Number of protein chains: 2
Amino acid sequence: MGRKKVEIKRIEDRSSRQATFSKRRSGLMKKANQLSILCDVDIAVVVFSSRGRLFEFSSTNRFLLLFPNKEITLFCVVFI
Amino acid sequence: MGRKKVEIKRIEDRSSRQATFSKRRSGLMKKANQLSILCDVDIAVVVFSSRGRLFEFSSTNRFLLLFPNKEITLFCVVFI
DNA sequence: GACTCTATTTATAATTA
DNA sequence: TTAATTATAAATAGAGT
């Protein structure tokens with residue numbers, strides 16, 4: 001989906017990896033949102049960066065997203 | 001990405017919705033897997049169908065996927 | 001419902017501003 | 001560096017099995 005075919009393995013270059021992370025993370029959340037709407041299903045996506053930053057998507061408040069503290073040593077998605 | 005542009009709203013036709021769910025769910029999990037590998041991050045995706053079936057992807061065993069029972073009234077993704 | 005096919009849309013890698 | 005641009009790879013809608 002770009003100028004070149006990309007092999008699916010860890011991107012070693014730091015800035016390339018960061019750029020790809022930003023783009024593809026956005027794409028993943030978009031896809032999750034579309035799927036939840038098109039098919040009327042509940043979806044949660046959680047992504048942890050290597051530095052412990054958390055990115056999440058939830059299609060519904062039927063998921064409780066719990067963030068106990070900023071260190072995020074434990075993170076829960078609870079389906080209620 | 002298909003023969004026609006699709007508006008992002010609930011697909012009313014049952015079998016079309018089911019077909020799309022199957023295809024796009026597979027696509028979403030694939031994208032999650034690629035992102036986790038390319039960018040070396042941890043990802044969990046949980047999808048609940050309207051009938052309560054659960055589909056999940058986890059890039060790592062740092063996520064504990066807890067299934068208390070088959071009824072799945074409560075489901076947890078725990079980041080450890 | 002789950003495959004195959006393929007026209008077409010969409011995502012995105014590399015580049016440029 | 002952050003934001004567009006654009007050429008190309010990839011996903012997928014619809015049809016047929």
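Residue numbers start from 1 in every chain, and the chains themselves are labelled A, B, ... in the order their sequence lines are given, proteins ahead of strands. Owing to the predicted nature of the structure, the values given are computational and were not obtained by experimental measurement.
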**Study point:** Salt-bridge contact Arg10(B)-Glu12(B) (side-chain N to carboxylate O under 4.0 Å)
**Key:** yes
Atom-to-atom span, [atom1] of [X] to [atom2] of [N] - whole angstrom:
X: Ile8(A); N: dA9(D); atom1: CD1; atom2: P; value: 14 Å
X: Glu7(A); N: dA10(D); atom1: CD; atom2: P; value: 12 Å
X: Gln18(B); N: dC3(C); atom1: CD; atom2: C1'; value: 14 Å
X: Asp13(A); N: dA13(C); atom1: CG; atom2: C1'; value: 13 Å
X: Lys23(B); N: dC5(C); atom1: NZ; atom2: C1'; value: 10 Å
X: Phe21(B); N: dA13(D); atom1: CZ; atom2: C1'; value: 17 Å
X: Arg17(B); N: dG14(D); atom1: CZ; atom2: P; value: 15 Å
X: Lys4(A); N: dA9(D); atom1: NZ; atom2: P; value: 11 Å

Point to revise | First of Leu38(A) and Val6(A) reached from the 5' end of DNA chain D, by closest nucleotide | key: Val6(A)
Which atoms form the tightest heavy-atom contact between [X] and [Y], and what is the distance?
X: Phe57(A); Y: Ser36(A); value: CZ-OG, 4.2 Å
X: Leu35(A); Y: Arg25(B); value: CD2-CA, 3.8 Å
X: Ala32(B); Y: Val45(B); value: CB-CG2, 3.8 Å

Check your understanding: Hey, are the side chains of Val47(A) and Asp42(B) touching, using non-hydrogen atoms and a 4.5 Å cut-off?
Key -> no
Point to revise | Min side-chain heavy-atom separation Phe48(B)-Val41(A) under 4.5 Å | key: no
Practice item. Group every Ile, Leu, Val, Met, Phe, Trp and Tyr by side-chain heavy-atom contacts under 4.5 Å, then state whether Ile43(A) and Ile11(B) land in the same group. Key: no
Check your understanding: Less than 3.5 Å between a donor and an acceptor, one on the side chain of Arg3(A) and one on the base of dT15(C), is that the case here?
Key -> no
Exercise for review: Strictly below 4.0 Å, heavy-atom distances to any atom of DNA chain D: list the hits from residues 24-36 of chain A, or just say none.
Suggested key: Lys31(A)
Practice item. Just call it for Thr20(B): base, sugar-phosphate, or nothing, with non-hydrogen atoms closer than 4.0 Å on any strand. Key: sugar-phosphate
